[in-house]
Amino acid sequence: MTTTPAPESPLSTAHQISPSLIATLPGNYYTDPEIFRQESEHLFESMWFCAVRSADLDKPGAFRTVQIGRENVIINRTRKGELRAFLNICRHRGARLCMEESGEVKRSLQCPYHAWTYDLDGKLVAAPNLIKMPDVDRVEYGLIKVHLREWLGYAWVCLADEPPSFEDAVMYAAVERLGDPAAIEQYGTENLALGKRIVYDVKANWKLIVENFMECYHCATIHPELTDVLPEFADGYAAQYYVGHGAEFGEEIKGFTVDGSEGFAKLPSVSDDQDRRYYAITVKPTVFINLVPDHVIMHRMFPMAEDRTIVECDWLYAPEVVESGADVSKSVELFHRVNEQDFEACERTQPAMASRAYRKGGVLVPNEHHIGIFHEWLLEKLGGSHAGPVH
Ligand code: FES
Ligand SMILES: [Fe+2]
């Protein structure tokens, strides 16, 4: 890999190519393991990261492990019913405590190597010969805690010693997009039930997925079902970028479903002006939220490598819809198709990032210029240490 010592931003030099075109990031930003490492350090391991749906950990002892940057984190529910997050690493000699992605323990987490045992609050409670070592402090040698906040029914964790303000860094994204702090609360997301979860293993850099989500220039080409439901998307108009604007359902459309057929009753607190509208919110770096009158779609990305991203997508409905066993397949199918269409486009793009054709990157048309703001945000987060473009 070639790294240029000069911390010059590739956008400040080649940002505006012509009145219509501005430059994207150079291709190496999507392929270079060193840049991915820097993103892990400065974004995924420093910012709030939406890790797990709280209700998935439905009883004491239930746990889930997730990869966040270079760290593996275990999130579990304690005997008191609270959620806790720890680095998934034994304090003795560093063995990974839980290899499973999810599971349930009775009262404690035991390391499979020498059997150091921790309670669900992370305290060291047992180890072979521990009573013969009275000087070992069981809290000090407990699991290393990770900050955790719950919002919208999800556990958001932060690996930083001093996390950024959750209100400013996470909740503000929704306010900024919807223009009203109460607007997202009206969907009551934390009280909704899981109707469907689909996990996508996407062979593309996480930024290609963010960029795709931020623009609608591609909607007319690859999303026939979505543009049928939201006709204004056919113009490539990035409706999701304008504050407070929700894309309106087409006149003939009865619900946010794959064929425009009837959905379910509007969620109880959704207001009349939110009815028959679709809102999309990006919570950088890894979360997309879609709001429609009768359900909420939460996307959580897990960047695994510079060319691989796992996306976990939850379709959330009023509890009575899920409990009644109602058929949610038509509403799931709409965004599942959108996801497949989008991820296929991202996978189609990824190989080009390593091509000489993309050494200096591509271009953004006016409908996509706001993606440049995301690029500038990224470069600022990576600071002066980021690798420069390879020419
Ligand atoms: S590494 Fe876990 S008990 Fe030894
Ligand atoms: Fe799309």
Side-chain angles (χ1 to χ4, degrees), residues 63 65 72 74 86-100 105 108-119 122-133 136-138 140-144 198 200 202 204-241 247 256 258 278-282 287-292 297-299 301 309 311 313 332-350 364-365 367-368 370-371 374:
F63 71 85
T65 58
N72 198 269
I74 177 161
F86 308 102
L87 295 183
N88 186 10
I89 288 178
C90 177
R91 294 300 306 283
H92 174 223
R93 299 248 311 281
R96 181 173 284 200
L97 219 48
C98 297
M99 295 304 287
E100 303 87 354
V105 293
S108 57
L109 297 157
Q110 187 176 65
C111 177
Y113 197 176
H114 314 87
W116 279 34
T117 305
Y118 306 88
D119 71 12
K123 187 177 157 195
L124 177 65
V125 289
N129 307 326
L130 188 62
I131 30 174
K132 292 185 192 147
M133 300 179 273
V136 176
D137 185 309
R138 295 173 179 221
E140 192 186 339
Y141 285 91
L143 298 176
I144 294 174
I198 300 180
Y200 305 86
V202 188
N205 184 276
W206 69 279
K207 297 188 292 300
L208 290 179
I209 300 174
V210 174
E211 291 160 10
N212 172 278
F213 194 78
M214 288 179 78
E215 54 93 358
C216 207
Y217 191 42
H218 66 271
C219 289
T221 335
I222 70 172
H223 296 318
E225 301 86 356
L226 185 65
T227 48
D228 276 353
V229 172
L230 306 172
E232 68 185 78
F233 273 17
D235 301 335
Y237 169 58
Q240 62 268 49
Y241 189 63
F256 196 74
V258 71
Y278 161 97
Y279 297 87
I281 302 167
T282 304
V287 176
F288 310 130
I289 306 168
N290 299 119
L291 305 167
V292 288
I297 308 169
M298 284 285 291
H299 291 75
M301 289 200 291
T309 309
V311 186
C313 186
V332 169
E333 184 62 18
L334 174 54
F335 224 86
H336 172 53
R337 283 198 201 173
V338 170
N339 283 338
E340 286 193 317
Q341 291 154 351
D342 280 333
F343 299 153
E344 192 193 327
C346 294
E347 290 186 342
R348 181 185 286 258
T349 307
Q350 180 66 30
L364 300 169
V365 300
N367 274 351
E368 303 167 304
H370 55 283
I371 294 174
F374 167 62

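Heavy atoms only: backbone and side chains are in, while hydrogens, waters and symmetry mates are out. Numbering of ligands and ligand atoms starts at 1, following listing order.
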Record the part of A127 in heavy-atom contact with ligand 1 below 4.0 Å; permitted values are side chain, backbone, both and neither.
-> neither

among protein heavy atoms, the one nearest atom 1 (S) of ligand 1 is R93 N, 3.3 Å

Is H114 close enough that one of its N/O/S atoms sits under 2.8 Å from atom 2 (Fe) of ligand 1?
-> no

Can an N, O or S atom be found in C219 less than 2.8 Å away from the Fe ion (ligand 2)?
-> no

In terms of the angle between their ring planes, are Y278 and F256 parallel, tilted or perpendicular, with boundaries placed at 30° and 60°?
-> parallel

Report yes if some heavy atom in the side chain of N367 is under 4.5 Å from a heavy atom in the side chain of C216; otherwise report no.
-> no

Contact atoms of ligand 1, heavy-atom distance to C90 under 4.0 Å = 1 (S), 2 (Fe), 3 (S)

Relative to ligand 1, is C111 under 4.0 angstrom through side chain, backbone, both or neither, heavy atoms considered?
-> side chain

State, with a plain yes or no, whether a side-chain heavy atom of H299 is found less than 4.5 Å away from one of N339.
-> yes

Working to the nearest 0.5 Å, report the span between SG of C219 and CG of N212.
-> 8.0 Å

Distance-only, no hydrogens or angles: does the N88 side chain make a donor-acceptor pair with backbone N or O of I74 under 3.5 Å?
-> no

Could you tell me which N, O or S atom of D342 is nearest to the Fe ion (ligand 2)?
-> OD1

H92 vs W116 aromatic rings, parallel, tilted or perpendicular, using cut-offs 30° and 60°?
-> parallel

Heteroatom test (N, O or S) for H223 near the Fe ion (ligand 2), limit 2.8 Å = yes

Using 2.8 Å as a strict upper limit, say whether an N, O or S atom of H92 approaches atom 4 (Fe) of ligand 1 that closely.
-> yes

For A115, the ligand 1 atoms whose distance to one of its heavy atoms is below 4.0 Å = 3 (S)

Within the side chain of T227, is there an N or O that forms a donor-acceptor pair under 3.5 Å with the backbone of F233?
-> no

Atoms of ligand 1 less than 4.0 Å from A95 heavy atoms?
-> 1 (S)

Which of the numbered atoms in ligand 1 are below 4.0 angstrom from a heavy atom of W116?
-> 3 (S)

Side-chain contact test, heavy atoms from C-beta onward, threshold under 4.5 Å: evaluate it for R337 versus L226 and give yes or no.
-> no

